[in-house]
Amino acid sequence: YQRRVHGDSYSGFFDNNGQNPSGLAEFLRSKGIKKVFIVGLALDYCVKFSALDAVNLQFETYLVVEGTRAVVPEVSEEVIQELASKGVNIISCVEAKERLSKCDG
């Protein structure tokens, strides 16, 4: 996979304007992937926008809470609640491991 967006982007799927796709969704679909498990830095920026875009692109989306941290720790709960309200599944590492062991795309 070679990212097609150059410059700043908080999402793995689009540029910051949401206009230019990175090619990630197309790549994942070409491999038959329907579920994404999101971890990384930072919860309140890249993780948040990647998760929201994944849901909007119709991927079954999971945020693994132990696998992310916010730049501003005080907003972590608020961001997690926002993601859950938008359709992101909030799960633990244990749950992720269980789901990944049964993953079929």
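Residue numbers count from 1 along this sequence.
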Worksheet, complete the sentence: Value for CG (L43) from CG (L83), rounded to nearest 0.5 Å, stands at 6.5 Å
Worksheet item: Taking the side chain as C-beta and beyond, is there a heavy-atom pair between E60 and V36 under 4.5 Å?
Response: no
Item to complete: Determine, stepwise, if the pair K48 / E82 fulfils side-chain contact (heavy atoms from CB on, under 4.5 Å).
Response: CA-CA 9 Å; K48 173 183 172 179; E82 176 187 355; 3.2 Å; yes
Worksheet item: Mind checking what makes salt bridge (Lys or Arg N to Asp or Glu O under 4.0 Å) contact with E95, not counting sequence neighbours?
Response: none
Practice prompt. Examine I90 and L41 and state if one hydrophobic cluster contains both, with Ile, Leu, Val, Met, Phe, Trp and Tyr joined whenever side-chain heavy atoms are less than 4.5 Å apart.
Written response: no
Worksheet, complete the sentence: Of all heavy-atom pairs linking V64 and A96, the shortest is CG2-CB, 3.8 Å
Practice prompt. Drop me the distance from I91's CD1 to E98's CD, to the nearest 0.5 angstrom.
Written response: 9.0 Å
Fill in: Shortest non-hydrogen contact from T68 toward G40
OG1-O, 2.6 Å
Discussion item. If I compare all heavy atoms of E66 with all of R69, which pair ends up nearest, and what's the gap?
Written reply: O-NH1, 3.9 Å
Fill in: Derivation of the side-chain contact (heavy atoms from CB on, under 4.5 Å) call for V47 and V39
CA-CA 7 Å; V47 169; V39 297; over 6 Å; no
Worksheet item: At what distance, to the nearest 0.5 angstrom, does CG of D44 lie from OH of Y10?
Response: 9.5 Å
Item to complete: Write down the atom of G12, the atom of S22, and the distance for their closest heavy-atom approach.
Response: O-OG, 2.5 Å
Item to complete: Work out which heavy atom in A54 is nearest to a heavy atom in T61; give both atom names and the distance.
Response: CB-OG1, 3.3 Å
Item to complete: Examine the side chains of S9 and D15 and answer whether a donor and an acceptor come within less than 3.5 Å of each other.
Response: no
Worksheet item: Rounded to the nearest 0.5 Å, what separation is found between the NZ atom of K35 and the OH atom of Y62?
Response: 5.0 Å
Worksheet item: From K86 NZ over to Q81 CD, what is the distance, rounded to the nearest 0.5 angstrom?
Response: 13.5 Å
Item to complete: Go through the steps for F14 and N20 under the test side-chain contact (heavy atoms from CB on, under 4.5 Å), then give the verdict.
Response: CA-CA 5 Å; F14 291 98; N20 299 303; over 6 Å; no
Discussion item. Ignoring hydrogens, what is the shortest heavy-atom contact between A25 and L57? Give both atom names and the distance.
Written reply: CB-CD1, 3.9 Å
Worksheet item: So how far is it from F27 CZ to I33 CD1, rounded to the nearest 0.5 Å?
Response: 6.5 Å
